[in-house]
Q: 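Pasting a structure below so you can have a look.
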Amino acid sequence: MVSEFSRFSDAFLLEAERHAAWGAEQLEALTAFLPEGPWTADLPTCTYRQEGLELRVAVLGTYDTDERSWMWGWANPGLRGTEVVALTGAIERYGRSQGIAELTEEALDLSGFADPRHAAEMLAFAGMGVAEAPGYFSQQAGPGTQVYFLPDDPQVPRPALDAIALPRTLVTGAGLIGRSARHAVTGYFDHHGIPRREDGDRITAELPGGSAAEIDFDAEGRIGAVRLTAAP
């Protein structure tokens, strides 16, 4: 998977990896929550409507299917400085503090990627994680333009950590990007606010209710085992 995105910097891929397991879980919840049907968006009021549902949203970015390029919402000349991109401004500030160029460049040429649209999805995915938004979704906004939204509304469900599903969640999430399973695991627990400690090739997390999870990594850095221990 990493080779597909090798044009991205290591710093960006590691950041995206940090959100992989949590992001996949959150996107599944958002997909189940959003209805299907015609949509409208009123950007000055940050309002998105679809089949009776009304959500407050932010514009994460846009993908130009003709130019095969991505533009962050905070950099859009028509939206810069408005409320609808205020949330995405945090992505640019974080990118500067961490030295991640992909988060600070106003527009990125994706034409060199094998699948430019997939590369745009990776940017949206990482941006969602950095902004700590409960997912992202996109809509065709005109000929050649796909607009990506971040829901910024407490109506959107945020799944709690499911200890029974944890092994599958971590292994599946770590395989999405394949850059660093450790980043996927630590990022997952960080997003859920779960205390953890690292001891060599093992991460131990203190789960709600007093139980614990032990995640072991093999010599290649992959998840070797996930063990759950019940509260005493």
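All residue numbers in this chain count up from 1 along the given sequence. Just so it is clear, the values below take in all heavy atoms, side chains as well, and ignore hydrogens, waters and symmetry mates. The structure presented is a predicted model; accordingly, all values stated were derived computationally and were not measured.
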Q: With salt bridge (charged side-chain N to carboxylate O under 4.0 Å, His left out) as the rule and sequence neighbours excluded, what pairs involving residues 138-157 come up?
A: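 As it turns out, the salt bridge (charged side-chain N to carboxylate O under 4.0 Å, His left out) pairs with a partner in residues 138-157, which skip direct neighbours, are Arg56-Asp152.
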
Q: With Glu132, which residues qualify under side-chain contact (heavy atoms from CB on, under 4.5 Å), at least two apart?
A: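 So Glu132 forms a side-chain contact (heavy atoms from CB on, under 4.5 Å) with His191.
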
Q: With Ala90, which residues qualify under side-chain contact (heavy atoms from CB on, under 4.5 Å), at least two apart?
A: Arg93

Q: In Å, rounded to the nearest 0.5 Å, how long is the span from CH2 of Trp72 to CD1 of Ile91?
A: 5.0 Å

Q: Supply the members, apart from Val84, of the Ile/Leu/Val/Met/Phe/Trp/Tyr cluster built from side-chain contacts under 4.5 Å; use none for a lone residue.
A: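 Its cluster partners, ordered by chain and number, are Leu30, Phe33, Leu34, Trp39, Leu43, Tyr48, Leu53, Leu55, Val57, Val59, Leu79, Val85, Phe137, Val147, Phe149, Val156.
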
Q: Rounded to the nearest 0.5 Å, what's the gap from CD1 on Ile215 to CZ on Arg196? Could you check?
A: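 With rounding to 0.5 Å, CD1 (Ile215) is 10.0 Å from CZ (Arg196).
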
Q: Please say yes or no: joined through hydrophobic side-chain contacts below 4.5 Å, possibly via intermediate residues, are Met71 and Leu150 part of one cluster?
A: no

Q: Hey, are the side chains of His19 and Gln26 touching, using non-hydrogen atoms and a 4.5 Å cut-off?
A: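 They are not in side-chain contact.
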
Q: Could you state the interatomic distance from CG (Asp109) to CZ (Arg7), rounded to the nearest 0.5 Å?
A: 9.0 Å

Q: Got a sec, which residues hit side-chain contact (heavy atoms from CB on, under 4.5 Å) with Gln140, two or more places apart in sequence or on another chain?
A: Gln146

Q: Apply salt bridge (Lys or Arg N to Asp or Glu O under 4.0 Å) to Glu25 and list each qualifying residue two or more places apart in sequence or on a separate chain.
A: none

Q: Taking the side chain as C-beta and beyond, is there a heavy-atom pair between His118 and Phe113 under 4.5 Å?
A: no

Q: Please report the shortest heavy-atom distance between Ala20 and Ile177, naming the atom on each side.
A: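 Scanning both residues, the minimum pair turns out to be CB-CD1, 4.3 Å.
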
Q: Look up atom OH in Tyr188 and atom CD1 in Ile194, then write down how far apart they are to the nearest 0.5 Å.
A: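 Interatomic distance, Tyr188 OH to Ile194 CD1, rounded to 0.5 Å: 8.5 Å.
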
Q: Rounded to the nearest 0.5 Å, how far apart are CD of Glu102 and CH2 of Trp70?
A: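 Answer rounded to 0.5 Å: 13.0 Å.
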
Q: Which atom names give the shortest non-hydrogen contact between Pro151 and Gly135, and what distance separates them?
A: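 The answer is CD-O, 3.1 Å.
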
Q: Would you check if Gln50 and Pro38 make a side-chain contact, meaning some heavy-atom pair closer than 4.5 Å?
A: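 Not touching, per the 4.5 Å side-chain cut-off.
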
Q: Output side-chain donor-acceptor pairs under 3.5 Å for residues 119-127, partner residues at least two apart or in another chain, one line each.
A:
{"from": "Glu121", "atom 1": "OE1", "to": "Tyr136", "atom 2": "OH", "distance (Å)": "2.5"}
{"from": "Glu121", "atom 1": "OE2", "to": "Tyr148", "atom 2": "OH", "distance (Å)": "2.7"}

Q: Clusters formed by hydrophobic residues whose side-chain heavy atoms approach within less than 4.5 Å: which one holds Leu14, and what are its other members?
A: none

Q: For Asp216 and Arg202, work out which heavy atoms get closest and say how close.
A: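 The answer is OD1-NE, 2.7 Å.
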
Q: Got a sec, which pairs hit salt bridge (charged side-chain N to carboxylate O under 4.0 Å, His left out) with one end in residues 35-55, sequence neighbours left out?
A: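 Salt bridge (charged side-chain N to carboxylate O under 4.0 Å, His left out) check on residues 35-55 returns Arg49-Glu54.
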
Q: OG1/Thr169 to CH2/Trp22 distance, rounded to the nearest 0.5 angstrom?
A: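 Output value for this atom pair is 13.5 Å.
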
Q: Do Asp199 and Thr204 come within less than 4.5 Å of each other through their side chains, counting heavy atoms only?
A: no

Q: Do Thr45 and Glu83 make a side-chain contact, defined as non-hydrogen atoms from C-beta onward lying under 4.5 Å apart?
A: no

Q: Should Arg182 and Glu17 count as an ion pair when the cut-off is N to O under 4.0 Å?
A: no

Q: Run the salt bridge (Lys or Arg N to Asp or Glu O under 4.0 Å) test against Glu15 and tell me which residues pass, sequence neighbours left out.
A: Arg18

Q: What closest approach, in Å, do Ala213 and Leu228 show between heavy atoms, and which atom pair accounts for it?
A: CB-CD2, 3.7 Å

Q: Please find the pair of heavy atoms, one from Ala29 and one from Pro159, that lie closest to each other, and give the distance.
A: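 Closest approach of Ala29 to Pro159: CB-CG, 3.5 Å.
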
Q: Quick one: does Thr172's side chain have a donor or acceptor within less than 3.5 Å of a partner on Arg168's backbone?
A: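 Yes, the answer is positive, given that a donor and an acceptor are paired below the 3.5 Å cut-off.
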
Q: Check Glu92 against Thr104 and note the closest heavy-atom contact, atom names and distance.
A: O-CG2, 3.7 Å

Q: For Phe189 and Leu207, run side chain to side chain contact (heavy atoms under 4.5 Å, CB included): C-alpha distance rounded to whole Å, both residues' side-chain angles, the deciding distance at 0.1 Å, then the answer.
A: CA-CA 9 Å; Phe189 290 131; Leu207 303 182; 4.3 Å; yes

Q: With sequence neighbours left out, what residues match Arg222 under side-chain contact (heavy atoms from CB on, under 4.5 Å)?
A: Asp218, Glu220

Q: Excluding sequence neighbours, so at least two apart, what forms ring-ring contact (aromatic ring centres under 6.0 Å, His included) with Phe12?
A: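 Expected list: Phe8.
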
